[in-house]
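Bear in mind that the values here come from a model prediction, so they are computed numbers and not experimental data. Every number for a ligand or one of its atoms is a count from 1 in the order of the listing.
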Amino acid sequence: MRYMNPFVTEVDFASGELSAPGYVIQRKLSDMASMYADEAAARRTLADEGDRLIYEVQGVELPDEEGQIPHCTTRILPGRIGDEYHMTKGHYHARREQGEVYFGLSGRGCLVMQTETGETSVVQMVAGSAAYVPPFWAHRTVNVGDEDFVFFSVWEARAGHDYGTIERDGFRKLVLMRDGQPTVVDNPRIS
Ligand code: PAN
Ligand code: ZN
């Protein structure tokens with residue numbers, strides 16, 4: 001563990017932009033078409049409209065060392081693929097015992113969570129919501145509003161990200177538009 005200097009980052013609540021991002025990640029529809037429940041709709045959208053930005057992450061660069069506290073913003077653009085709202089890929093932490101805090105900055109979203117033993121939870125997030133992802137819970141965020149959904153995340157550096165389990169198995173709960181409203185439904189691909 002090394003000493004390092006304290007620093008401050010200015011965060012734009014509406015856009016999620018950081019004053020000095022250490023990294024920026026953009027996830028487009030082509031990066032995650034197979035994660036949408038209606039993959040055919042995702043492929044059709046790509047063919048008819050071309051690629052689209054689904055979400056962007058801006059974070060501070062920190063050493064990958066125990067005790068460091070990485071933090072970033074995520075901005076999910078509004079929209080749907082078929083009936084399913086724009087969402088993040090979602091992941092378990094590689095070290096399952098590491099939790100995380102999400103803080104809503106603007107817009108409206110859902111935080112979809114599940115454990116490997118079959119429990120599920122979907123909580124609403126708006127500006128000012130501090131949502132806790134306990135250890136062992138996979139997490140995905142979904143923009144259910146008409147404007148950008150932006151939130152701030154804080155976790156422990158050694159948590160690590162396991163995307164593969166969700167890519168293979170998906171989430172048990174989906175957030176779809178039904179009668180114009182965001183509705184949580186069971187994922188038909190998971191019995
Ligand atoms: C968040 C997420 C961020 C993007 O910072 O990494 O919202 O979502 P995906 O990582 O699922 O693409 C977090 O949970 N960090 O651990
Ligand atoms: Zn996480």
Donor + acceptor pair across side chains of Glu49, Thr45 (<3.5 Å) |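 Not at all, the side chains of Glu49 and Thr45 share no donor-acceptor pair under 3.5 Å.
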
For the residue pair His71 and Phe7, categorise the inter-ring angle as parallel (less than 30°), tilted (30 to 60°) or perpendicular (more than 60°).
->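 The rings of His71 and Phe7 lie parallel, inter-plane angle below 30°.
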
Glu156, Arg158, His139 screened by side-chain hydrogen bond (donor to acceptor under 3.5 Å, both in side chains) with His93, the one that passes |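 Option passing the side-chain hydrogen bond (donor to acceptor under 3.5 Å, both in side chains) with His93: His139.
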
Sequence-distant partners of Tyr163, side-chain contact (heavy atoms from CB on, under 4.5 Å), two or more places apart =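 Tyr163 satisfies side-chain contact (heavy atoms from CB on, under 4.5 Å) with Lys89, His91, His161, Glu167 once adjacent residues are dropped.
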
side-chain contact (heavy atoms from CB on, under 4.5 Å) involving Ser129 - partner list, sequence neighbours excluded =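 Checked Ser129 against side-chain contact (heavy atoms from CB on, under 4.5 Å); matches are Met125, Val126.
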
Regarding [X] and [Y], does a basic nitrogen lie under 4.0 Å from an acidic carboxylate oxygen?
X     : Y      : answer
Asp83 : Arg178 : yes
Arg75 : Asp148 : yes
Arg96 : Glu116 : yes

Tell me how many protein N, O or S atoms are closer than 2.8 Å to the Zn ion (ligand 2).
->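 That number is 4, waters not included.
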
What residues come within 4.0 Å of ligand 1, counting heavy atoms only?
->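 For ligand 1, the contacting residues are Tyr55, Val57, Cys72, Thr74, Thr88, Lys89, Gly90, His91, His93, Glu100, Tyr102, His139, Phe151, Ser153, Trp155, His161, Tyr163.
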
Hey, any chance Val144 and Val122 share a hydrophobic cluster, counting ILVMFWY side chains that come within less than 4.5 Å of each other, even indirectly?
->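 Yes, because Val144 and Val122 connect within a single hydrophobic cluster, where side-chain heavy atoms sit under 4.5 Å apart.
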
